[in-house]
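Structure, as structure tokens:
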Amino acid sequence: MSHTNVDLFERGKAVMPGGVNSPVRSFASVGGTPYFVDHAEGAHVWDVEGNRYIDYVMSYGPGILGHAHPVVVDAITAAVAEGTSYGAPTLGEVEMAEELVARVPGLEMIRLVSSGTEAAMSAIRLARGATGRDKIVKFAGHYHGHADPLLAAGGSGVANQGLSGCDGVPDGAVADTIVVPWNVVPELDDSIAALAVEPIPANMGLVPAREGFLEELRDACDAAGVLLLFDEVITGFRVARGGATERFGVQPDVWCFGKVIGGGLPVGAYGASREVMGHIAPLGGVYQAGTLSGNPLATAAGLAQLRQLDDEAYTQLERTAIRLADGLTAAFDAAGVAAVVPRVGPLVGLFFTDRQPTDFDEAKAAADNGVYPRFFHGMLERGVALAPGPYEALFPSLAHEDSIIDETIATAAEVAQGL
Ligand SMILES: *Cc1c(COP(=O)(O)O)cnc(C)c1O
């Protein structure tokens with residue numbers, strides 16, 4: 001029996017909140033019915049009705065080689081026949097940890113977990129345990145997964161302490177979280193364990209740091225003995241071999257990873273220097289554990305993917321992103337549509353406004369002006385799948401060949417004319 005998207009959405013909504021397992025997939029912010037994916041290959045996904053889309057969602061980051069890359073498929077297939085989880089250490093975990101540590105300047109030890117959320121949650125615990133301090137500082141509009149202490153007032157650009165932005169997160173859980181505006185160096189003191197930052201913020205649209213800002217954060221942290229935490233769940237192994245750390249030449253004290261390192265399977269990781277990681281059990285008093293941590297399928301997939309990511313791959317990825325960003329910009333200009341297409345390395349954003357936002361308040365004003373849903377649906381109807389929400393980046397992959405980018409740009413030009 002063949003399925004339709006509408007039927008599956010109805011069935012899904014009866015048994016899952018919003019019909020989905022992660023809110024943005026529900027199309028709540030763009031309206032309409034989600035496409036239910038049947039299968040994917042390279043730069044394309046096919047829905048259950050047989051429609052093909054050029055995919056810029058790419059699972060929000062893991063799919064850097066494109067979907068179902070043969071090297072990753074083979075690695076998972078080989079691993080699955082050997083058993084799927086043991087509760088004992090494996091060669092794959094050692095190799096994965098060695099690969100991550102070798103790539104990132106300053107990173108000496110790593111702990112594998114099962115999601116980016118778990119990585120960020122554990123990294124905060126580590127920072128508190130290592131410093132003996134309770135408070136953490138995060139920037140408005142930066143996303144670090146959905147652990148309670150990191151869900152504080154993401155909705156305000158104003159410094160804002162002790163208010164949860166989410167039902168079910170008690171104010172007590174965020175009482176030690178301080179939210180500050182992006183692109184302004186916060187005041188730090190000796191009550192603060194960590195300053196968390198997305199070095200290239202890509203969860204409020206793409207809102208890069210101003211020139212020299214990451215260096216200023218490094219200095220401010222050093223002056224107050226605060227650990228600088230780079231959440232590289234998106235940027236890690238995407239924006240350079242050694243992530244944002246290598247790209248900007250600024251070393252944090254603690255890192256979070258996810259997405260790319262799992263090759264499409266559920267993985268996260270957090271790491272630091274040998275000294276800081278010495279606080280993690282069994283070496284130290286910060287407890288953190290996981291039944292499926294370092295899972296053999298996930299390490300096989302992640303390693304296979306990472307081993308494809310050489311210098312040439314990063315050059316190609318960036319060239320692709322430049323072609324996409326320049327082409328989209330030209331298409332909007334030609335149609336007289338006010339839009340900015342920010343790009344940092346291989347990451348591309350899109351705001352329907354005439355000036356690049358520099359903080360969360362500006363990003364929100366640009367994202368919520370009602371243009372994005374119309375552009376989104378115009379693209380989707382013509383076979384290009386963007387993220388179903390205005391706060392996400394576009395994720396061109398190594399499978400997005402020039403012809404696919406050009407097809408995307410031609411489609412955008414047509415949709416832009418109708419906006
Ligand atoms: C996706 C993301 C997370 C959360 O990762 P999950 O695997 O979805 O839990 C954390 N930080 C950043 C920067 C992310 O983009």
Side-chain angles (χ1 to χ4, degrees), residues 20-26 56-64 100 104 111-127 136-152 154 166 169 177 179 182 194-209 214 217 228-239 243-245 247-248 252 254-271 288 290 292-295 298-299 301-302 305 344-349 360 363 387-395:
V20 294
N21 284 305
S22 198
V24 72
R25 297 179 200 166
S26 72
Y56 289 94
V57 182
M58 297 306 296
S59 187
Y60 298 96
I64 196 168
L100 300 180
V104 180
R111 170 65 62 84
L112 297 176
V113 293
S114 297
S115 71
T117 293
E118 208 185 337
M121 177 187 86
S122 306
I124 293 298
R125 186 180 302 150
L126 168 62
I136 56 175
V137 177
K138 76 172 285 288
F139 290 102
H142 289 217
Y143 182 63
H144 304 296
H146 64 84
D148 281 2
L150 292 163
L151 272 181
C166 174
V169 178
T177 303
V179 182
W182 176 232
L195 171 62
V197 49
E198 280 186 77
I200 305 171
N203 285 291
M204 52 170 156
L206 198 65
V207 184
L214 296 176
L217 294 183
L228 179 59
L229 190 165
F230 272 9
D231 180 346
E232 293 225 40
V233 171
I234 282 182
T235 56
F237 316 99
R238 172 172 293 275
V239 302
T245 304
R247 189 174 184 99
F248 296 116
V254 182
W255 287 261
C256 298
F257 302 108
K259 296 188 172 131
V260 164
I261 68 168
L265 271 73
V267 187
Y270 65 98
Q288 184 275 313
L292 294 177
S293 293
N295 176 265
T299 52
Q305 171 147 286
V344 183
L347 283 170
V348 177
F360 190 37
Y391 290 99
E392 315 292 341
L394 287 81
F395 292 96

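Indexing begins at 1, ligand by ligand and atom by atom, following the structure's order.
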Practice task
Write down the atom of Leu206, the atom of Leu347, and the distance for their closest heavy-atom approach.
Solution key: CD2-O, 3.4 Å
Handout entry: By side-chain hydrogen bond (donor to acceptor under 3.5 Å, both in side chains) - contacts of Tyr60 (at least two apart)
Key = none
Problem - Donor-acceptor pair between Arg125 and Gln288 side chains, under 3.5 angstrom - result: no
Exercise for the section: Mark yes or no for whether Thr177, through its side chain, and Pro149, through its backbone, hold a donor-acceptor pair below 3.5 Å. Expected result: yes
Practice task
Please tell me if the side chains of Leu151 and His146 come closer than 4.5 Å, counting only heavy atoms from C-beta onward.
Solution key: yes
Practice task
Show the protein residues that qualify under the rule heavy atom under 4.0 Å from an atom of ligand 1, listing them in chain and number order.
Solution key: Ser115, Gly116, Thr117, Tyr143, His144, Gly145, Glu198, Asn203, Asp231, Val233, Ile234, Lys259
Practice task
Mind telling me whether Phe257 and Phe237 have parallel, tilted or perpendicular rings, with 30° and 60° as the class edges?
Solution key: tilted
